[in-house]
Amino acid sequence: MTLLFPSLDVDHDAPAVQVGEVVLSRAELMGAAATVAGRVAGAGAVAVHAEASMATVVSIVGCLLAGVPAVPVPPDSGPRERGHILRDSRAELLLGSPDWEDLPVPTVPVDPAARTASPGELPGETTGGQRRPDQTALILYTSGTTGAPKGVMVPAAAIAADLDALAEAWAWTPDDTLVHGLPLFHVHGLVLGVLGALRVGSRLVHTVRPTPTAYAAAGGSLYFGVPTVWSRVCDDPDSARALAAARLLVSGSAALPAPILARLAALTGSAPIERYGMTETLITTSSRADGERRAGWVGAALKDVRTRLVDDETGAPLPADGQSIGELQIQGPTLFGGYLGRPDVTDASFTADGWFRTGDAAVIAPDGHHRIVGRRSTDLIKSGGYRIGAGEVEAALLAHPQVREAAVVGLPDDDLGQRIAAFVVAPDLIGGGRSSRAAAVDLTDFVARELSVHKRPREIHFVSELPRNPMGKVRKSALTP
Ligand code: MLC
Ligand code: AMP
């Protein structure tokens, strides 16, 4: 049919995708998506109000069929974040029905029950859909250490290559039922969790929220989750035991703590497998369904992906000896097409000899298995599997009229992996008999409103000054509660 959704030998009238209570067959989904494709054809880019709903699935697939880059916008993003995404991506319209005001683009509601074309008449057939492999399929906004999020241009061919490599590693087939409840605006939930199921032809059940009880009730064979989800599943042993019937549990987006892997293995009878990736590279390493599941390791490079370790100081290659720690660098067919409108930053993210710098510190064992040991920059925080730039949260805090200085760090957290902590100089905010607790709630709400809810600080410390080095740079290592 198109590069991403090949014609599959599956029952096109059987239930294919379920989001919450809404179920569509493959034929119904493609019919509804064709209606969207007809509406968006020819646009340079189209934004999607990416709530966890069938309308989002239909919107994204519709854009892909039309060959129009889709820009998912987090549904809880505040005016500052969504304004940036809409302006920066130059989206011509927004699919969905958000109650957002002052949007710079028209909104177009999407009806999952709409049908226009039979599959043979899909716009993708006539216009080529995502057939040009280098064509951008998705523009995913992701945080850097500083500044506003950047648009990562993800080519259709990268998605296709990644999904095929994962299907091979995980023995993922049309016989599977995939279950997850992850957000539909990032690689994990959208690319793997929706496009993966559609490409492979497996049924998809999206639980809207990734709760243990919803996972247990869904009766799938293949489950996706971030470590926070698996940790919460372990805290609900009845739900965890219900997953014993599944063929494969997969963890990713952040490091899975070894005790969680062990608890999940004890409760379900088999350990989850772990894979590693980034928005810019898609998933690049994974344990295999038929391979070893080593706690703390994220498996071998996927098909056609090449990895290497490089010394931080000298840039010299390091041996895959299971001990040397260096920056992990990647080459291969799953790489992004650059940051939208930022050729300078794109160039800086590659080495002179064409390898993508992940910014992750890793070890590679002689058998080719990878272990991620940390990030080079403390200014990229992973909380609940979300990547959050300290600089973006600091900028949001500084936009508050009574905040003079702000520094944001990620602190270790049993539930979220890391939690966002802010150290703030704001004497006027806590003066006048106002408790620092009330001021912290105000500031938290302020960030949650301006950015996305998951970017809000989970704790705020009011300090009289920030520790700085002689150059005036904040010494974040000295920031402790
Ligand atoms: C609390 N809430 C507030 C608030 N305080 N809302 C507004 N203002 C405030 N001050 C409310 C929220 O609205 C929400 O309500 C509720 O609190 C819970 O929010 P939360 O605490 O942020 O959610 P939490 O339960 O902690 O989320 C955990 C989680 C989530 C695991 C469900 O972190 C998650 O979905 N993570 C997945 C991230 C992901 O997919 N990453 C992939 C990146 S791709 P309500 O009513 O809505 O509950 C990638 C590549 C790869 O990394 O390798 O995969
Ligand atoms: P994102 O761009 O949101 O996809 O975040 C990518 C980052 O998530 C990577 O650079 C890693 O730091 C982290 N990450 C993803 N998967 C794993 C994993 N399995 N183990 C450790 N870190 C991971």
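First listed ligand is number 1; within each ligand, the first listed atom is number 1.
Distance alone, capped at 3.5 Å, is enough to place a donor-acceptor pair between the Y215 side chain and the G181 backbone. With Q418 contributing its side chain and K382 its backbone, the two residues share a donor-acceptor pair below 3.5 Å. A donor-acceptor contact shorter than 3.5 Å is absent between the side chain of T142 and the backbone of T279.
Which of A254, A448, P183, A52 comes nearest to atom 8 (N) of ligand 1 through a heavy atom is settled by distance: it is A448. By heavy-atom distance, the residue among S253, S251, S452 lying nearest atom 42 (C) of ligand 1 is S253. Ranked by closest heavy atom to atom 22 (O) of ligand 1, the top entry among H454, E280, R458 is R458. Distances from atom 12 (C) of ligand 1 to the heavy atoms of V453, L282, V441 show the closest one on V453. In this structure, of P75, G193, G385, G384, the residue bringing a heavy atom nearest to atom 37 (C) of ligand 1 is G384. Within the set R456, K455, R209, M278, the minimum heavy-atom distance to atom 1 (C) of ligand 1 is found for R456.
Atoms of ligand 1 found under 4.0 Å from any heavy atom of P210, numbered from 1 in the order shown, are 32 (C). Atoms of ligand 1 found under 4.0 Å from any heavy atom of G277 (numbered from 1 in listed order, with element): 53 (O). Taking a cut-off of under 4.0 Å to the non-hydrogen atoms of I283, the atoms of ligand 1 that pass are 51 (C), 53 (O). Applying the 4.0 Å criterion to heavy atoms of R232 picks out, from ligand 1, the atoms 24 (P), 25 (O), 26 (O), 28 (C).
With a heavy-atom cut-off of 4.0 Å, R419 does not touch ligand 1 at all. With a heavy-atom cut-off of 4.0 Å, D76 does not touch ligand 1 at all.
Contact check on R232 versus D235 returns no salt bridge, with no Lys/Arg side-chain nitrogen under 4.0 Å from an Asp/Glu carboxylate oxygen.
Crowding of R90 atom CZ: a count of heavy atoms from other residues, nucleotides or ligands under 6.0 Å not exceeding 12. For D347, the CG atom counts as densely surrounded, since its 6.0 Å shell holds more than 12 non-hydrogen atoms of other residues, nucleotides or ligands.
Regarding atom 53 (O) of ligand 1, its nearest protein heavy-atom neighbour is R275 NH1, 2.9 Å. Protein heavy atom in closest approach to atom 52 (O) of ligand 1: K382 NZ, 2.9 Å. If you check which protein heavy atom lies closest to atom 34 (C) of ligand 1, you get Y386 CE1, 3.6 Å.
Across all non-hydrogen atoms, the minimal contact from E51 to T56 is O-OG1, 2.7 Å.
There is no protein heavy atom closer than 4.0 angstrom to atom 16 (C) of ligand 1. Counting protein heavy atoms under 4.0 angstrom from atom 30 (C) of ligand 1 gives one or more.
A distance limit of 4.0 angstrom between heavy atoms and ligand 2 selects the residues T142, S253, A254, A255, E274, R275, Y276, G277, M278, T279, V298, D360, I372, R375, K382, R387.
When side chains are defined from C-beta on, V154 does not count as touching V191, because their heavy atoms never get closer than 4.5 Å.
Taking OG1 of T107 as the start and CG of D99 as the end, the distance is 11.0 Å to the nearest 0.5 Å.
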Subject >> Pair E168-K303, salt bridge (Lys or Arg N to Asp or Glu O under 4.0 Å): steps then yes or no >> reply: CA-CA 9 Å; E168 194 275 325; K303 184 172 178 295; over 6 Å; no
